Trainee: 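Handing you a structure now.
FYI, side chains are in, hydrogens and waters are out, and symmetry mates aren't considered; it's all heavy atoms of this structure. Note that the coordinates shown come from a computational prediction; the quantities given were computed from them, not determined experimentally.
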Amino acid sequence: MDDVRASAPDNTAERPRTPIRVEGQVGMVAAVSGFKLTCVLFGAGESKASIADYERVQIGALIKMPTPSTLAFGFIDSLVLHNPSSDDGGQNLAMAEVELLGELAVNGSGAAVFARGISVYPVLGSAVFPASADDLASIYAKPNSWSLPIGSLHQDPSKIAYLISQEFLCKHSAILGTTGSGKSCALTIILRSLLSAHPNGHVVLLDPHGEYGPAFPGMAERITTQTLELPYWLLSFEEMTEVFCSTEPIARSHEANILKDIIVGAKREFLGTQASDLFITVDTPTPYRMSTVLQRISEGMGRLDKPDSTLPYLRLLTTIETLRADQRYGFLFGGITLRDNMPEIISRLLRIPVNGKPITILDISAVPSEIVNVVVSLICRVIFDFALWSDRESAVPLLLVCDEAHRYIPRDESLGFEPTRRSISRIAKEGRKYGVSLCLVTQRPSEISESILSQCSTVFAMRMTNERDQNLVRRTLPETAAGLLSTLPTLRQQEAIAIGEGVTHPMRIRFADLDAKYRPKGQATNFPREWEDDKKGRDFLKTIIHRWRWQSH
């Protein structure tokens, strides 16, 4: 054995040979594990690898690898250079982790078709190439179904990024990203594309900051607190309790019991003989006179001898009368005469008929903060109940868009109004059965209910720097594309990672430019420009103070 060792050539000092390169090749497959590959990039084993060897390989880039019968594609997830070369002639080793996406295979008719998933894996030593323009065209070709252009591909700006409208609408969606990433403009582009292609759609947009008014001129029914009509008799018992009763639990319990019986009686009195034909409960959406409620509360209080027993009645009387006199609550108590105008309310809210305005923008920025959750709960509940009681054959499909969704369905259940959470959760879990789709827009995905967010089948993830937000997005997405998601902190404004059923395949896109006249008003204030001169005077102050006092824009 000693002789054999002595006569064998000594290769320990010999450097690994550089693999023979095929034109355009950037590396080769070194390891395969599930849906991940490890690739050795060219330059490995060379003491002086050129930067040009690596510059075609970027995080999130799409690469391809031939297999025995297909062409596999994947996104680069991470890059690492082991033992970077130095003047001492040391070796280096550049590696890339790849998340597999799908494969291009020849179908029965002889055409090459791209499909998600991998049926044949690349073998060890397979060549790795950057995806070409033709590859991108094949993978992200315009779908055969209803589709809309919303932007361009990051890898090739000349290639259009398409949204599959049926899949986007029939399943829930979400637009996520930090402040300033372009969420409002992205939502505007998507909705304008949808409604331009489908002018008889039905969209309800909850606008908590009053910023979407300019985005849909001639297309929207814009409702503010001055024109909003949501009469008190549409409130459910939980919502009534939130509005009319004390916050202290024991006091609220006493007041709620009094209110429940009185409201049922007031509804029966208003309906008269019709009440005998209906099953009337405190939640039945039928009118009743608030004057009747106040009268019966007063009568009930008068029948009591002990002053302590009258306190719940007195608090109810005081609260209701105060709210009725408050102009900010005019949308609840407005109108001199009481009438059953529920058809008109539903018609305007849900755009039935459309009459050239397929979207309702509910500007709730001036709704009193103490009941804004009640208003959202009522709107969401009315939308779902309308769909629930519609005939399936003649139902009107609806899209509900919740901007700043973390305000209504927070992850911490103690921070939100439970009926609001329940209404939105019900739409998220059951809405698709009845033709109600949900689109959530939020800058704080980690603070939103994870169970509701997980129902979203299409996600546009824009720039996120918070690690908690990034991790939640990775957990809740219907599929993972780690090679793309790893770029979330570095996305530019207008860019997004689009993943889910609403797009053909996961992709990094840049949303189309939005004409300045259609941009939402929520753009950041330009401090230097506004501070250039001193033009504001007393008339400016008087205007603001008038709006402040009258709670109106």
Side-chain angles (χ1 to χ4, degrees), residues 179-180 184-185 187-188 204-232 234-235 239 242-244 247 290-291 318-338 341 344-345 348-349 357 359-379 401-404 407-408 417 420 441 443 516-553:
T179 300
S184 298
C185 287
L187 175 63
T188 301
V204 178
L205 169 59
L206 298 180
D207 183 4
H209 301 303
E211 59 181 316
Y212 290 98
F216 303 92
M219 301 171 66
E221 176 74 12
R222 184 168 176 263
I223 301 176
T224 66
T225 50
Q226 302 301 306
T227 56
L228 177 63
E229 188 175 7
L230 290 173
Y232 60 85
L234 277 177
L235 296 171
E239 293 157 356
E242 184 71 15
V243 175
F244 299 135
T247 56
M290 188 55 72
S291 58
T318 303
T319 300
I320 295 174
E321 289 174 346
T322 300
L323 294 179
R324 291 179 75 190
D326 192 333
Q327 184 177 337
R328 298 176 303 160
Y329 292 81
F331 62 91
L332 279 178
F333 301 100
I336 300 175
T337 59
L338 178 66
N341 60 340
E344 291 85 348
I345 294 171
R348 187 179 182 213
L349 178 64
K357 294 183 177 181
I359 179 172
T360 301
I361 299 177
L362 280 162
D363 181 353
I364 55 177
S365 57
V367 172
S369 58
E370 56 267 26
I371 68 159
V372 67
N373 277 333
V374 174
V375 171
V376 173
S377 171
L378 172 57
I379 292 168
V401 183
C402 291
D403 197 8
E404 300 289 344
R407 294 175 55 179
Y408 316 121
F417 181 45
T420 309
V441 183
Q443 59 182 297
K517 63 184 178 182
Y518 298 135
R519 289 175 188 167
K521 292 191 296 184
Q523 305 299 312
T525 301
N526 189 322
F527 278 73
R529 185 180 63 194
E530 294 297 324
W531 285 356
E532 282 182 352
D533 49 48
D534 183 18
K535 293 182 179 179
K536 306 296 192 296
R538 293 184 66 85
D539 290 340
F540 170 76
L541 292 175
K542 288 178 180 179
T543 300
I544 293 178
I545 291 171
H546 176 79
R547 292 175 177 174
W548 191 350
R549 286 174 173 168
W550 289 89
Q551 299 287 303
S552 169
H553 287 280

Trainee: Should Pro520 and Pro214 count as side-chain neighbours, where that means a heavy-atom distance under 4.5 Å?
Mentor: no

Trainee: Salt bridge between Glu370 and Arg328, side-chain N to carboxylate O under 4.0 Å?
Mentor: yes

Trainee: Does any N or O in the side chain of Thr420 come within less than 3.5 Å of the main-chain N or O of Asn373, such that one atom is a donor and the other an acceptor?
Mentor: yes

Trainee: Let me confirm one number: the CD1-CE distance from Ile359 to Met219, rounded to the nearest 0.5 Å.
Mentor: 7.5 Å

Trainee: Contact between Val204 and Val401 at the side-chain level, heavy atoms closer than 4.5 Å - yes or no?
Mentor: no

Trainee: Apply the test side chain to side chain contact (heavy atoms under 4.5 Å, CB included) to residues Ile371 and Glu242: give CA-CA distance (whole Å), side-chain angles for both, the deciding distance (0.1 Å), then the verdict.
Mentor: CA-CA 8 Å; Ile371 68 159; Glu242 184 71 15; over 6 Å; no

Trainee: Counting N and O atoms only, with roles assigned by atom type, does the side chain of Thr360 sit under 3.5 Å from a partner on the main chain of Glu221, one being a donor and the other an acceptor?
Mentor: no

Trainee: Can you tell me how far CG of Leu230 sits from OH of Tyr329, rounded to the nearest 0.5 angstrom?
Mentor: 14.0 Å

Trainee: Output, in order, the C-alpha distance, side-chain angles, deciding distance and verdict of side chain to side chain contact (heavy atoms under 4.5 Å, CB included) for Arg324 and Phe333.
Mentor: CA-CA 6 Å; Arg324 291 179 75 190; Phe333 301 100; 3.6 Å; yes

Trainee: Look at the side chain of Tyr232 and the backbone N and O of Met290, then say whether any donor-acceptor pair between them is shorter than 3.5 Å.
Mentor: yes

Trainee: Just checking, is any N or O donor in the side chain of Asp363 or Tyr212 under 3.5 Å from an acceptor N or O on the other one?
Mentor: no

Trainee: Which value, rounded to the nearest 0.5 Å, describes the distance between Gln443 atom CD and Ser184 atom OG?
Mentor: 9.5 Å

Trainee: What are the two closest non-hydrogen atoms of Asp207 and Gly213, and how far apart are they?
Mentor: OD2-N, 4.3 Å

Trainee: Checking Asn341 side chain against Glu344 main chain: does a donor-acceptor pair fall under 3.5 Å?
Mentor: no

Trainee: Return the minimal non-hydrogen interatomic distance between Lys357 and Gly218, and the atom names on each side.
Mentor: CG-O, 4.2 Å

Trainee: Would you compute the distance between atom NZ of Lys535 and atom CZ of Phe540 and round it to the nearest 0.5 angstrom?
Mentor: 12.5 Å

Trainee: Looking at every non-hydrogen atom in both residues, tell me the closest pair between Thr319 and Val243 and how far apart they are.
Mentor: CG2-O, 4.1 Å

Trainee: Run the side chain to side chain contact (heavy atoms under 4.5 Å, CB included) test on Leu362 and Leu205 for me, step by step, so that the C-alpha distance in whole Å, both residues' side-chain angles and the decisive distance to 0.1 Å come before the verdict.
Mentor: CA-CA 6 Å; Leu362 280 162; Leu205 169 59; over 6 Å; no

Trainee: Specify the closest pair of heavy atoms between Thr227 and Arg222, including all atoms of both residues, with the distance to one decimal.
Mentor: OG1-O, 4.1 Å

